[in-house]
Enquirer: 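Structure provided below as structure tokens; questions to follow.
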Number of protein chains: 2
Amino acid sequence: MKQVAALAGVGTKTVSRVINDEPNVSDATAARVWDAIRALDYQPDLQAGSLRRSDGRTRTLGLLVGSVDNPFAGAIHRVVEDLAAERGMAVFASSLDDDPAREGSAVRAFLQRRVDGLILTTASRRPDYLPQLRERGIPAVFVDREPLVDGLDTVASDNRAGAEAGVAHLIEQGHRRIALLADRLDLATASQRQQGYLDALAAAGISRSDALMATDLHDVDSARTALERMLGAAEPPTAVFSAQNLITIGALHALRDAGCSRSVALVGFDDLPLADLLDPGVTVVAQDPQEIGRRAAERLFALLEGADEAPIRSVVPTRLIARGSGEITPAA
Amino acid sequence: MKQVAALAGVGTKTVSRVINDEPNVSDATAARVWDAIRALDYQPDLQAGSLRRSDGRTRTLGLLVGSVDNPFAGAIHRVVEDLAAERGMAVFASSLDDDPAREGSAVRAFLQRRVDGLILTTASRRPDYLPQLRERGIPAVFVDREPLVDGLDTVASDNRAGAEAGVAHLIEQGHRRIALLADRLDLATASQRQQGYLDALAAAGISRSDALMATDLHDVDSARTALERMLGAAEPPTAVFSAQNLITIGALHALRDAGCSRSVALVGFDDLPLADLLDPGVTVVAQDPQEIGRRAAERLFALLEGADEAPIRSVVPTRLIARGSGEITPAA
DNA sequence: ATGAAAGCGCTAACAT
DNA sequence: ATGTTAGCGCTTTCAT
């Protein structure tokens with residue numbers, strides 16, 4: 001910056017004024033400064049600036065998702081990035097892997113880099129870094145999972161209602177032995193979806209059976225194995241509700257390998273790319289990751305602009321998409 | 001930091017020494033400092049530190065991909081993130097959308113935030129920011145696409161050979177009228193894959209037909225439309241080579257809608273989730289995004305540690321995965 | 001083993 | 001309309 005000032009024959013503060021287009025610079029000097037900036041390929045150091053700037057902003061935000069590799073997270077990331085870019089903000093993204101330790105170090109990494117705000121998916125019901133965020137006045141919006149703490153801003157799918165609708169759909173087709181394949185129940189999403197499953201059964205007067213509920217499934221293979229075991233049991237399910245996208249993939253493998261794709265019904269929570277091209281098409285309870293990302297980002301920006309109303313708890317509706325697999329009726 | 005120093009009853013420099021565990025601090029003082037740090041929930045400001053630090057490092061890197069929403073990009077991102085985290089580095093990710101303007105502003109945003117290094121996918125053959133990177137000594141590794149500039153470090157799939165192998169596979173099944181569905185040819189990947197297609201035809205003595213080559217396809221819908229048109233033409237292709245993952249999805253839709261999934265062969269470049277569950281399974285020329293990401297990240301870290309050898313041009317082999325759609329033989 | 005002073009690149013506050 | 005001085009939170013250099 002000093003070089004630019006020297007080349008343009010002005011003081012550094014004038015250069016600063018030009019860059020941030022503050023008032024009180026004559027057009028002539030501004031032009032000279034811009035020339036010097038171009039001549040030197042000067043790029044202002046945003047971090048150094050924020051060190052002294054009154055609001056201390058770094059124009060940077062942190063995004064924590066399940067895994068940047070997961071299509072659901074990718075969709076959220078993309079929306080957040082686009083909205084952030086419109087405001088000249090850049091985004092740090094990190095993967096959580098549903099590991100509280102990894103979550104903690106990711107948040108720490110964000111804080112050390114002085115992000116202005118955070119959009120977080122959490123693996124814990126009561127994240128331990130919340131007091132720190134409060135103290136430092138760093139706004140955060142939780143997405144996908146709602147911690148069990150009051151006063152937080154959250155945006156998530158209607159997991160319970162969506163799961164209930166998916167299972168009710170299977171019940172309408174005449175199924176009574178419906179399997180549940182779910183993730184670790186300490187994750188809010190998994191337990192809410194299980195609750196929806198149980199609510200749908202209860203509403204139809206179907207008693208729950210532990211033999212039909214597999215939980216703690218965290219990847220494709222564990223889901224596949226769990227369903228294979230159920231299909232080989234004495235009273236196999238006639239329908240399956242899989243409560244997460246990777247689990248649905250595992251279930252699809254198990255059904256295909258057992259030759260049951262056309263005889264055992266399947267409804268999955270969360271949509272999959274190509275789900276409509278399978279045969280039968282995969283019926284899903286679709287989430288709307290774009291909408292989740294959009295609401296979260298907009299809420300975060302509102303907080304950054306000093307919105308002071310009460311925290312919001314935003315629930316994004318799900319949508320049942322019938323494609324065939326969920327409309328299979330139980331064998332007579 | 002001053003507060004910590006005050007609470008621990010030491011000078012700020014001692015706190016600095018403890019944080020960066022430099023030598024010459026007695027265990028007793030160190031312990032007192034750590035206590036103070038915990039008591040105050042102190043997080044050092046990494047950016048402020050790098051301002052004065054001799055190497056100026058921010059422990060941050062920039063990653064530019066096609067779109068953070070694309071599974072290929074997601075896989076690369078994930079690997080880069082994991083390797084970066086091991087070294088205490090955070091990563092800024094941005095989407096390119098194959099738009100040179102967006103590419104430029106993303107790189108500018110990275111530079112203003114003083115990233116230590118870059119992993120870049122580019123939409124231009126000669127990115128205009130290269131001189132700036134040189135001047136500032138910011139190392140960059142290009143992934144997926146190789147700019148037409150000497151002296152750069154690059155990591156990419158063997159696009160030409162992979163495409164040639166995919167098309168040769170179709171020719172082996174007896175096909176002679178093989179369609180090409182490709183992206184904008186100004187993108188290195190697209191033109192290399194087209195070249196592979198042409199090489200395979202030439203090797204088999206099949207003359208090229210412009211009616212069978214659709215280019216400038218950039219998303220699912222344009223690919224679908226292009227293939228629909230070809231299938232309705234006088235001499236429709238008996239096989240299709242789709243040169244990119246979104247294009248393959250479009251082709252699958254077109255084939256299904258035209259009722260040709262079982263009669264027209266398809267080989268796609270780049271693997272798709274669920275490709276093995278479709279019926280028939282989708283034969284693909286699989287890339288290895290993890291390997292691409294790993295090599296790029298490791299090369300970047302080597303450059304950051306001052307490796308001074310000549311730039312490397314790393315070519316990652318592809319692998320043909322036969323799943324059914326590519327083994328369909330032409331109708332007699 | 002520890003601390004004081006200077007300075008990294010920038011912006012705030014106050015001149016002029 | 002422009003420049004000067006101080007200081008953001010840290011690390012360097014050099015003294016003690």
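Chain A is the first sequence line, chain B the second, and so forth, proteins listed ahead of strands; every chain is numbered from 1. Heavy-atom basis, side chains included; hydrogens, waters and symmetry copies ignored.
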Enquirer: Please report the distance, rounded to the nearest Å, between CZ in A:Arg57 and P in C:dA12.
Expert: 13 Å
Enquirer: Rounded off to whole Å, could you give me the CG-to-C1' distance for the B:Asn24 and D:dT16 pair?
Expert: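 Between C1' of D:dT16 and CG of B:Asn24: 13 Å.
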Enquirer: Checking the side chain of A:Asp153 only, and the main-chain atoms of A:Ile312 only, is there a donor and an acceptor separated by less than 3.5 Å?
Expert: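 Checking the backbone N and O of A:Ile312 against the side chain of A:Asp153, a donor-acceptor pair under 3.5 Å is found.
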Enquirer: In sequence, state the C-alpha distance, the side-chain angles, and the governing distance for B:Arg102 and A:Glu81, and then conclude on salt bridge (charged side-chain N to carboxylate O under 4.0 Å, His left out).
Expert: CA-CA 12 Å; B:Arg102 190 161 174 148; A:Glu81 179 200 342; 3.1 Å; yes
Enquirer: Quick one: list whatever passes side chain to side chain contact (heavy atoms under 4.5 Å, CB included) with A:Asp69, sequence neighbours left out.
Expert: A:Ser67, B:Ala75, B:Arg78
Enquirer: How bent is the helix from C:dA1-D:dT16 to C:dT16-D:dA1, comparing axes over its five end pairs at each side, to the nearest 10°?
Expert: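 It comes to 30° between the two terminal axes.
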Enquirer: With sequence neighbours excluded, tell me which residues meet salt bridge (charged side-chain N to carboxylate O under 4.0 Å, His left out) with B:Asp186.
Expert: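 For B:Asp186, the residues satisfying salt bridge (charged side-chain N to carboxylate O under 4.0 Å, His left out) (neighbours in sequence not counted) are B:Arg184.
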Enquirer: Can you check the A:Ile37 CD1 to C:dG9 C1' distance for me, whole Å?
Expert: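 In whole Å, C:dG9 C1' and A:Ile37 CD1 are 14 Å from each other.
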Enquirer: I want to check one thing: is the phosphate of D:dG3, taken as OP1 and OP2, less than 4.0 Å away from some side-chain N or O of A:Thr14?
Expert: yes
Enquirer: Between A:Arg108 and A:Tyr129, is NZ or CZ placed under 6.0 angstrom from the six-membered ring centre and within 45° of the ring axis?
Expert: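 So A:Arg108 doesn't make the cation-pi contact.
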Enquirer: One character per nucleotide, please: for nucleotides 5-15 of chain D, 5' to 3', B when the base has a protein heavy atom closer than 4.0 Å, S when only the sugar-phosphate does, - otherwise.
Expert: -BBBBBBB---
Enquirer: Not counting sequence neighbours, which residues clear salt bridge (charged side-chain N to carboxylate O under 4.0 Å, His left out) with A:Asp183? List them please.
Expert: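 Result, salt bridge (charged side-chain N to carboxylate O under 4.0 Å, His left out) vs A:Asp183: none returned.
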Enquirer: Applying salt bridge (Lys or Arg N to Asp or Glu O under 4.0 Å) as the test, list every pair that has at least one member in residues 109-125 of chain B; sequence neighbours left out.
Expert: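 Listed by first then second residue: A:Asp45-B:Arg114.
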Enquirer: Check whether more than 12 heavy atoms from other residues, nucleotides or ligands sit under 6.0 Å from atom CG of B:Asp55, and answer yes or no.
Expert: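 Result for CG/B:Asp55: enclosed.
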